[in-house]
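Below is one structure, written out as structure tokens; comments come after it.
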Amino acid sequence: MAGLEVEKISGVGRSTLERLHSAGIYSVEALAVLGSRDLSILTGLSEEKCLELCLKARKMLQTEIETADKILERRKKILRITTGSRNLDRLLGGGIETQAITELVGEYGSAKTQICHTLAVTVQLPPEQGGAAPATALYIDTEGTFRPERVKEIAEARSLKPDDILKNIYVAPAYSSDHLAFLVDEAFKFAHQKNVKLILVDSIVGRFRPEYLGREALAERQQKLNRILSRLLKLAEAYNLAVVVTNQVISQPGVFYGNPDRPAGGHILGHNCLYRIWLKKGKDGIRTARIFDSPYHPEAETQIQITQKGIEDPPQKKEKENKESGE
Ligand code: GTP
Ligand code: MG
């Protein structure tokens, strides 16, 4: 749960508190990461009042300028959630990081949704097993592909209690890009109340593509997408939770050299996502995962397999590893 409550801010009256609460803002941390404009839209309070609140919150948290040791202290709280595949965990430096957005990009059937289903289960594991328990997952489903039956299968294959696992996954269908934006705003309240440690958005661009057609709609679409992503990042930082978004690839006709495919959503995703993982289809449920476009990590790739457990390492890799470790 987040630390300082908004009640602790000096000079905040009951009606302001009620407005903040009804907008889902309970913690000083959540308030501090919001801009006064966003806050005004969310609460209906004047921008002037909101600016005052944001400044007070930031002062309380001293977030304007931080010394490096404070940043290090916050970064020490970063959790890494296992994907179910040790190969993929290694590629990600130990698992999916909290306080950041990870993007899974790939063509249809490349295992994006399967990874999301697996993560909704593994986040509930105890920390020593790679989870963030006690934790819940919020699954924002824009494509209607969430399947509780598949979660049940993954939980059973991992010797977990499926009923408990299913109860800790909150599923929110998103019917339009506006609805998606609304759900992300609502998540500020929800993450606090339900101790959400993982937000999955499958997919981030799906609802935008049919709604914003043509070049003239591009700027508006990108602004809206950017706002959603920056709000997701704020959520990740304010509540020390992980955000995973899936993205599709689009083919560029007329490209003869190099890769004709590129991720949808343009540069906006690259700017907001710390890890970008490109998934490619192989045989027998094998998928190649490659880290790309990262200023912090070298390009590298590995293999995963889709199984009853959701995703895990392919068998040949496991054998090779065991041999190497002398098992
Ligand atoms: P799009 O959403 O269409 O862009 O694709 P995606 O990347 O989300 O693909 P998804 O994760 O749905 O992967 C689909 C692949 O996973 C299928 O080709 C199946 O091979 C496999 N798959 C789907 N459901 C199951 C399942 O219940 N068990 C197993 N073992 N494999 C499954
Ligand atoms: Mg999918």
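Read the numbers this way: they start at 1 and go in the same order the structure lists the ligands and their atoms. Heavy atoms only: backbone and side chains are in, while hydrogens, waters and symmetry mates are out. Owing to the predicted nature of the structure, the values given are computational and were not obtained by experimental measurement.
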### Query
With a 4.0 Å cut-off on heavy atoms, does Glu143 reach ligand 1?
yes
#### Entry: From Ala111, Ser203, Cys116 - option closest to atom 10 (P) of ligand 1 by heavy atom
Ala111
### Query
Would you say the ring centroid of Phe190 lies under 6.0 angstrom from that of Tyr170?
yes
### Task
Identify the protein heavy atom lying closest to atom 20 (O) of ligand 1, giving its residue, its atom name and the separation to 0.1 Å.
Arg287 NH2, 4.0 Å
### Query
Between Leu241, Val201, Ile140, which is the residue that forms a side-chain contact (heavy atoms from CB on, under 4.5 Å) with Leu232?
Val201
### Query
Does atom CD of Glu220 have more than 12 heavy-atom neighbours from other groups under 6.0 Å away?
no
### Task
Kindly assign one of parallel, tilted or perpendicular to the pair Phe146 and His117, based on the angle between their ring planes and the thresholds 30° and 60°.
parallel
### Message
Checking a contact table here: which protein heavy atom is nearest atom 29 (C) of ligand 1, and how many Å away?
### Response
Arg150 NH2, 3.8 Å
### Task
Mark up the atoms of ligand 1 that fall under 4.0 Å of a heavy atom belonging to Glu107, in ascending order.
7 (O)
### Minimum-distance protein heavy atom relative to atom 5 (O) of ligand 1
Gly109 N, 2.7 Å
### Task
Indicate yes or no: does Lys224 engage Asp178 in a salt bridge with an N to O separation below 4.0 Å.
yes
### Summary
Under 2.8 Å from the Mg ion (ligand 2), protein N/O/S atoms total 1
### Task
Taking atom CD of Glu128 as the centre, report whether more than 12 heavy atoms of other residues, nucleotides or ligands fall under 6.0 Å from it.
yes
### Query
Is there a donor-acceptor contact under 3.5 Å linking the side chains of Glu143 and Gln248?
yes
### From CA spacing to verdict: side chain to side chain contact (heavy atoms under 4.5 Å, CB included), Arg231, Asp38
CA-CA 10 Å; Arg231 306 269 297 139; Asp38 276 353; 3.8 Å; yes
### Query
So, are Asp202 and Lys112 salt-bridged, with charged N and O less than 4.0 Å apart?
no
### Task
Considering only non-hydrogen protein atoms, determine which one is nearest to atom 23 (C) of ligand 1 and report residue, atom name and distance to 0.1 Å.
Gln114 NE2, 3.2 Å
### Glu153, portion touching ligand 1 at heavy-atom distance under 4.0 Å
side chain
### Query
Where is the nearest protein heavy atom to atom 7 (O) of ligand 1: which residue, which atom, and how far?
Lys112 NZ, 2.8 Å
#### Entry: Close-contact set for ligand 1 against Ser110 heavy atoms, below 4.0 Å
6 (P), 7 (O), 9 (O)
### Query
For Glu149, is the nearest heavy atom under 4.0 Å from an atom of ligand 1?
no
### Query
Among all protein non-hydrogen atoms, which one is nearest to atom 12 (O) of ligand 1, and what is the separation to 0.1 Å?
Thr113 CB, 3.7 Å
### Query
If you measure from each heavy atom of Lys281 to ligand 1, is any distance below 4.0 Å?
no
### Message
Within the 4.0 Å heavy-atom shell around Tyr108, which atoms of ligand 1 are there?
### Response
1 (P), 3 (O), 4 (O), 5 (O)
#### Entry: Residue pairs, two or more places apart or on separate chains, that pass ring pair (Phe, Tyr, Trp, His ring centres under 6.0 Å) and touch residues 70-101
none
### Query
Are side-chain heavy atoms of Leu39 and Leu20 found at a separation under 4.5 Å?
yes
### Message
Any salt bridge linking Lys152 with Asp163? Criterion: basic side-chain nitrogen under 4.0 Å from a carboxylate oxygen.
### Response
no
### Query
Considering only protein heavy atoms, which is closest to atom 32 (C) of ligand 1, and at what distance to one decimal place?
Ile306 CG2, 3.9 Å
### Message
For a quick check under 3.5 Å, do Arg287 and Gln114 share a side-chain donor-acceptor pair by atom type?
### Response
no
### Message
When you measure from the heavy atoms of Gly106 to every atom of ligand 1, does any distance fall below 4.0 Å?
### Response
no
### Task
Answer yes or no: is there an ion pair linking Lys76 with Glu73, defined by an N-O contact shorter than 4.0 Å?
yes
### Task
Determine, using heavy atoms of Gly285 and all atoms of ligand 1, whether some pair is separated by less than 4.0 Å.
no
